[in-house]
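In what follows, every chain begins at residue 1, and chains take the letters A, B, ... in the order their sequences are listed.
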There are 2 protein chains.
Amino acid sequence: MATPATADRILNIAERLAQTQGFNGFSYADIAKELRITKATLHYHFPSKAELGRRLLERYHRSFVAALQDIDRTADGAAVKLERYVALYAAVLAKHRMCLCGMLAAELTTLPKPMREGVRAFFLANEAWVARVLDDGVRQGILRVTGSTPAAAARLVASLEGAMILARSFGDVGRFEAASHAMLAELVAT
Amino acid sequence: MATPATADRILNIAERLAQTQGFNGFSYADIAKELRITKATLHYHFPSKAELGRRLLERYHRSFVAALQDIDRTADGAAVKLERYVALYAAVLAKHRMCLCGMLAAELTTLPKPMREGVRAFFLANEAWVARVLDDGVRQGILRVTGSTPAAAARLVASLEGAMILARSFGDVGRFEAASHAMLAELVAT
DNA sequence: GTCTATAGGTGGATAGAC
DNA sequence: GTCTATCCACCTATAGAC
């Protein structure tokens, strides 16, 4: 593995800062200091913070979709897929981070418009994937869903984001795990 | 009703701004402009922004507790109490606002320590109240809870916060209502 | 690509007059 | 209690040398 290109190293730091302190909670100076380059160099790679945010969101969305495709490829059965999906969230929390889009959703009104749209697109992609898994599970008699699957998917995504933000507030990943396991248990057919 | 004291008018504006843009998303200048006073006057009433935040949280917590006591006094039955509880959230969303503490939870790492503790105290108070209502409901055979009532209460509070933040992201209160109704339906004994 | 230097703006906060 | 005036730190962003 070669050393990541400068642009990627910048995004790595920006991503971590955005997931812990929010997009408005870090500055070019923070990234520059950590990478030991100057702010001017940052502006060479990302002319404006709005552009940095847009690219950050784009990369995050892409890697999340890739993770979902990996689950589709390697996991067998709707219940296992949902467990793997929840594990993606837990892994982020274990790094003391929030879901980037859960974080950005809180700051939504202060974000540049392309980012606002990116956040919504991320949630819609999540809901669509979960809804498809729920559909499969119901069809196979593995899962039991109350109401429509798109509504149940939206509920699960929102509940996971909420569980994440509360768990992080208490510095207690166990809170997330307890909540998410209960949510999945509700979905498994008895 | 007399005109609210200046300190209260300041808190009213700060509260709305914090609920829509976050605590780091507004400045003394924003409040000063809207109230048509100077920043120096603001500093007379609230010497520092940290102090303003602390007082804001204190007042918010107090008024929320009062709302819960009002529900206890005027609502009959655990199911009705939960509906009234959820309606408190919906009313905030209808004003295009987030729960103050849901907002602050996202920014938690950037907040002064007294505020961080205040946010956790707010959530704990919410969970305690909900857990007590769930206990009552289960004892009366009105509600059906999976797992312990404190865990179910934590799950409900977190899920409502998540549903709120997602609904606001899409500018769609209906999303919150659909999610919260489904959550309550899960709790009502069949 | 990375630097120095700096512009132009805004952040929270204070001194002191009224 | 409210004002004017000001401080200093920090913000995003740009010009221009290397």
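- Closest non-hydrogen pair, A:Thr74 versus A:Arg84, comes out as OG1-NH1, 3.1 Å.
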Can you give the donor-acceptor pairs under 3.5 Å from side chains of residues 158-169 of chain B to other protein atoms, not counting sequence neighbours?
{"unit_1": "B:Ser159", "atom_1": "OG", "unit_2": "A:Ser159", "atom_2": "OG", "d": "3.2"}
{"unit_1": "B:Ser159", "atom_1": "OG", "unit_2": "B:Arg155", "atom_2": "O", "d": "2.8"}
{"unit_1": "B:Arg168", "atom_1": "NH1", "unit_2": "B:Thr20", "atom_2": "O", "d": "3.0"}
{"unit_1": "B:Arg168", "atom_1": "NH2", "unit_2": "A:Ala105", "atom_2": "O", "d": "3.0"}
{"unit_1": "B:Arg168", "atom_1": "NH2", "unit_2": "A:Ala106", "atom_2": "O", "d": "2.9"}
{"unit_1": "B:Ser169", "atom_1": "OG", "unit_2": "B:Ile165", "atom_2": "O", "d": "2.9"}

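- The existence of a salt bridge linking B:Arg120 and B:Glu117 is excluded, since no basic side-chain nitrogen approaches an acidic carboxylate oxygen closer than 4.0 Å.
- Counting 5' to 3', DNA chain C first comes under 4.0 angstrom of a heavy atom of chain B and last does so at the ends given by C:dG11 to C:dA15.
- A perpendicular orientation is assigned to the rings of B:His61 and B:Phe122, their planes being inclined by more than 60° (bins at 30° and 60°).
- For the segment residues 15-30 of chain B, the set of residues with a heavy atom within less than 4.0 Å of an atom of DNA chain C comprises B:Phe26, B:Ser27, B:Tyr28, B:Ala29, in numerical order.
- One can place NZ of B:Lys39 at 11 Å from C1' of D:dC7, the figure rounded to the nearest angstrom.
- Shown here are the side chain to side chain donor-acceptor pair (under 3.5 Å) partners of B:Lys49, two or more places apart in sequence or in another chain: there are none.
- Not one N or O on the side chain of A:Tyr28 forms a donor-acceptor pair closer than 3.5 Å with the backbone of A:Ala40.
- Between the side chain of B:Gln19 and the backbone N or O of B:Met98, at least one donor-acceptor pair lies under 3.5 Å.
- Within residues 46-57 of chain B, no residue approaches DNA chain D, by heavy-atom distance under 4.0 Å.
- Taking five base pairs at each end of the helix from C:dG1-D:dC18 to C:dC18-D:dG1 and finding the rotation axis that steps the C1' atoms of four pairs onto the next four gives two axes whose angle is 0°, to the nearest 10°.
- The residues B:Arg132 and B:Asp135 are annotated as not salt-bridged, no charged nitrogen and carboxylate oxygen being separated by less than 4.0 angstrom.
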